[in-house]
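Here is how names work: the chains are called A, B, and so on, in the same order as the sequence lines, proteins then strands, and each is numbered from 1.
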There are 2 protein chains.
Amino acid sequence: MLRPTRQTNQGNSAALSSKPIKTGPRVYEEIRRMAMDYRFKPNERINEVALAARLNVSRSPIREALQRLVTEELITFQTNRGFFCRGFDVDEIVNLSDVRAVLEERSVRLAIQRASDEELAALVDWWTLTMARADSFSSTELTARDEEFHIRIARLSGNPELARMLEGINTRIHFVRKIEVEKHRRLSTTYTEHSEIARAMVARDADGAARLMHDHIAISVADAMSTVREGLARIYVDVDVDQI
Amino acid sequence: MLRPTRQTNQGNSAALSSKPIKTGPRVYEEIRRMAMDYRFKPNERINEVALAARLNVSRSPIREALQRLVTEELITFQTNRGFFCRGFDVDEIVNLSDVRAVLEERSVRLAIQRASDEELAALVDWWTLTMARADSFSSTELTARDEEFHIRIARLSGNPELARMLEGINTRIHFVRKIEVEKHRRLSTTYTEHSEIARAMVARDADGAARLMHDHIAISVADAMSTVREGLARIYVDVDVDQI
DNA sequence: CCAATCAGAATTGTCGACAATAGAAACGGC
DNA sequence: GCCGTTTCTATTGTCGACAATTCTGATTGG
């Protein structure tokens, strides 16, 4: 099965995408998404040939993408044993949250210091609009909006390195965050917290915004444990339904 | 030239290292070091075949190593155009220093909170010993000690994610730091600053240590510009003398 | 019944080959 | 003499093949 003859490099993805998307970047993005969503089970070995067959490419682009993901900490690697899905660990989540809190605090402070009034007003408007539509969004969409809120602030900080590191953390805690979004959806506290942060930014209240941001991000070990429990349940109950 | 016949995977590195070091990790480490030291000129295109020939391997391990280094921000990549050495830029250095300062402050605070008296005493002793021997160290060795001082504190923070991020920043600013070490060597201010930080840690003075750390790391734009100027001079004057 | 050993199978590590793309040089029109 | 083509060359992207290593699980001895 699956295309025994040599293909002339283009026709992959079986006429699904008519655009000639480069396989390298496509493969990277696809595996990255899989890792973010824990489509691989924690600590599971990732079989290169199986993955290559699934994505209709050879092992070369697979391995290159996996190597990149290793330094992004989305997967791990052991010589002669291959690539593994990262674990799903309470300590890691707590530690990442701690780092994230520090960086996000710096992020708002710099944004308050450097962003224009228009930019901050745009942030408030965008989030207000998002909140109004919140009920029509799926959890996935809502998670994306949550992530975007923080990314926007990071961009406004004017420090691309800071933004990049926060994005790196975001991809690592994406799965956790999605669970938290659904939890909070019932409480709907997240959205008001974002509003408060944005308001403090408009008011140029650096200390206040930083404190709000910190409290918004800080996570208790108990909360982390509960989230991990919930996450593990999902990881091991959802079934792969997309076989070609 | 250079070994036309197929080699049976081992005999590379031409009997230099009798140990059977895995080529993958070795290649990665070697290229990484080259990038850290700006053995590639800023924004220079990195030729895969030339690099492969130089390290006596095929392009596969080269490309995998380069992909890893891309996410470490040590090199850049453009589809169908290949890999490039990162630039040597004032803004980048300033931005990285800003992030670093925030993370290192958190690092000392956590270390003060979590490290044992013995661990902190060991830190002081080690640095005292290092200072005593300082004159006998080359600039490279001294830079390594400087980096190690900060890494040790990061480890004592008990947050591996924090430590990892700082290590990532360290590799990116290694070249800058080496220049700064040589500058300060004449002033020999770095070493006393380290001593002060360590003393504040032993005294469990979190605010004091954090402030000292911040001032130790903070860099003015003017300083950064001067360092970049000096760095560019070195990059473009030093000649490759190691042609096999 | 369990532990250690040892084939056989599965998987990874690295290589050379070739097509596709980008880059450089030669060419010609103006 | 300069700018846009066109051809040719250099370089990257991806592949399949094979050796080296690890994993599996069957076998044997205690």
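Annotation: side-chain contact (heavy atoms from CB on, under 4.5 Å) contacts of E72(B) (sequence neighbours excluded): T71(A), Y28(B), R32(B), L69(B), L74(B). Annotation: ring-ring contact (aromatic ring centres under 6.0 Å, His included) contacts of F175(A) (sequence neighbours excluded): Y38(A), F88(A). Among residues two or more places apart in sequence or in another chain, the ring-ring contact (aromatic ring centres under 6.0 Å, His included) test is passed with F84(B) by none. Scanning for side-chain contact (heavy atoms from CB on, under 4.5 Å) contacts around N47(B) gives V49(B), A50(B), with sequence neighbours left out. Judged as a side chain to side chain donor-acceptor pair (under 3.5 Å), and not counting sequence neighbours, T79(B) has no contacts. Not counting sequence neighbours, the partners of R152(A) by the side chain to side chain donor-acceptor pair (under 3.5 Å) test are E148(A).
To the nearest angstrom, C1' of dA20(C) lies 8 Å from CG of N80(B). Rounded to an integer number of Å, the gap from CD1 of I62(A) to C1' of dG16(D) is 15 Å. Put simply, CZ on F84(B) is 9 Å from P on dT12(D), counting in whole angstrom units. The interatomic distance linking E64(B) (CD) with dT12(D) (C1') rounds to 15 Å, in whole Å. Regarding Q78(A), its CD atom lies at a distance of 11 Å from the P atom of dT22(D), rounded to whole Å.
The nucleotide whose nearest atom lies closest to any side-chain atom of S58(B) is, among dG16(C), dC15(D), dG13(C), dG16(C). Relative to the side chain of S60(A), the nucleotides dC15(D), dG13(D), dT21(D) differ in distance, and dC15(D) lies closest.
Both T79(A) and R59(A) lie near DNA chain D, and the one whose nearest nucleotide falls closer to the 5' end is R59(A).
For residues 221-230 of chain A, the pairs satisfying salt bridge (charged side-chain N to carboxylate O under 4.0 Å, His left out) are E230(A)-R234(A), with sequence neighbours left out.
In the region residues 65-77 of chain A, proximity to DNA chain D at under 4.0 angstrom, judged on heavy atoms, holds for none of the residues.
Dashed line: the shortest gap from a side-chain N or O of R63(B) to OP1 or OP2 of dG13(D) is under 4.0 Å.
Q67(A) places no side-chain N or O within 3.5 Å of a backbone atom of E64(A) that could act as its donor or acceptor partner.
Classification of E29(A) and R26(A) as a salt-bridged pair fails, no side-chain N sitting under 4.0 Å from a carboxylate O.
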Provide a list of protein-nucleic acid N or O atom pairs under 3.5 angstrom, restricted to nucleotides 7-11 of chain D.
residue: dT11(D); atom: OP1; partner: N47(B); partner atom: ND2; Å: 3.1

